[in-house]
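Heads up: the structure comes next, in structure tokens.
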Amino acid sequence: DSGVTQTPKHLITATGQRVTLRCSPRSGDLSVYWYQQSLDQGLQFLIQYYNGEERAKGNILERFSAQQFPDLHSELNLSSLELGDSALYFCASSVGRGISGNTIYFGEGSWLTVV
Amino acid sequence: DAKTTQPNSMESNEEEPVHLPCNHSTISGTDYIHWYRQLPSQGPEYVIHGLTSNVNNRMASLAIAEDRKSSTLILHRATLRDAAVYYCILRLSPGGSQGNLIFGKGTKLSVKP
């Protein structure tokens with residue numbers, strides 16, 4: 001158990017809909033990261049927050065957004081869903097901003113299926 | 001960003017040592033070398049990391065070449081539970097814009113009983 005909690009574990013929704021994935025980082029961790037893993041793209045970095053502020057942005061679509069709240073939990077919002085958005089979404093956390101030596105801990109992921 | 005090159009797959013027998021290679025010829029002086037692994041249907045899991053010297057922990061050892069252009073993850077006695085995809089990642093230096101992990105395709109390790 002990494003200490004990173006993600007909900008829901010599984011989600012099935014229709015195209016055009018909007019979903020919210022939730023992440024609680026490990027106790028004391030200030031950084032939260034979101035990754036998307038699909039069969040053809042592998043693990044893709046989406047976005048990072050540090051203590052409520054956006055720290056880094058990767059291959060995140062404009063239809064997707066995220067935020068980190070004062071209690072440090074984070075939410076990833078996916079809207080206007082398409083079939084290609086079906087993937088496993090991982091949240092991860094680390095103590096610091098992501099300095100080279102910091103370890104990043106991953107949750108078990110949220111399986112999203114868009115039908 | 002500096003990139004890594006790993007074999008797509010490797011096979012090992014249970015209870016034998018496994019050496020997983022990684023080439024990173026464009027590594028910069030302050031890039032750390034991280035190894036993560038992903039077991040089936042699970043999130044990636046930290047294995048080990050190092051900068052210049054060889055490193056040991058309870059999971060594995062990391063051997064880093066003197067010129068830092070390559071490294072090897074060593075599992076001393078492979079178990080069936082070690083079957084996973086192993087990722088060698090260069091963690092960007094503090095001066096870079098991002099501290100996140102950039103994953104490549106990794107090496108899929110199969111362990112035979």
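The chains referred to below are lettered A, B, ... by the order of the sequence lines, with proteins before strands, and numbering in each begins at 1.
Listed by sequence position, B:Tyr36, B:Gln38, B:Gln42, B:Gly43, B:Pro44 are the residues of residues 36-44 of chain B in contact with chain A, using a 4.5 angstrom heavy-atom cutoff.
In this structure, chain B has no heavy atom under 4.5 Å from any part of A:Gln6.
Hydrophobic clustering (ILVMFWY, side-chain heavy atoms < 4.5 Å, transitive): B:Leu80 and B:Leu75 are in one cluster. Hydrophobic clustering of Ile, Leu, Val, Met, Phe, Trp and Tyr side chains at less than 4.5 Å, counting indirect connections, unites A:Tyr49 with A:Ile60. Linking Ile, Leu, Val, Met, Phe, Trp and Tyr whenever their side-chain heavy atoms come within less than 4.5 Å puts B:Val111 and B:Met10 in one cluster.
Atom CG of B:Asn8 is surrounded by 12 or fewer heavy atoms from other residues, nucleotides or ligands within 6.0 Å. Residue A:Arg63 qualifies as enclosed at atom CZ: its count of foreign heavy atoms under 6.0 Å is above 12. Within a 6.0 Å radius of CG in A:Leu83, other residues, nucleotides and ligands contribute more than 12 heavy atoms.
Taking the six-membered ring for Trp and the full ring otherwise, the centers of B:Phe103 and A:Tyr35 sit less than 6.0 Å from each other.
Residue A:Tyr105 is found in a hydrophobic cluster whose other members, listed by chain and number, are A:Val4; membership requires side-chain heavy atoms under 4.5 Å apart, directly or through intermediates.
The two residues A:Ile104 and B:Tyr46 have their closest heavy-atom pair at O-CB, 4.5 Å.
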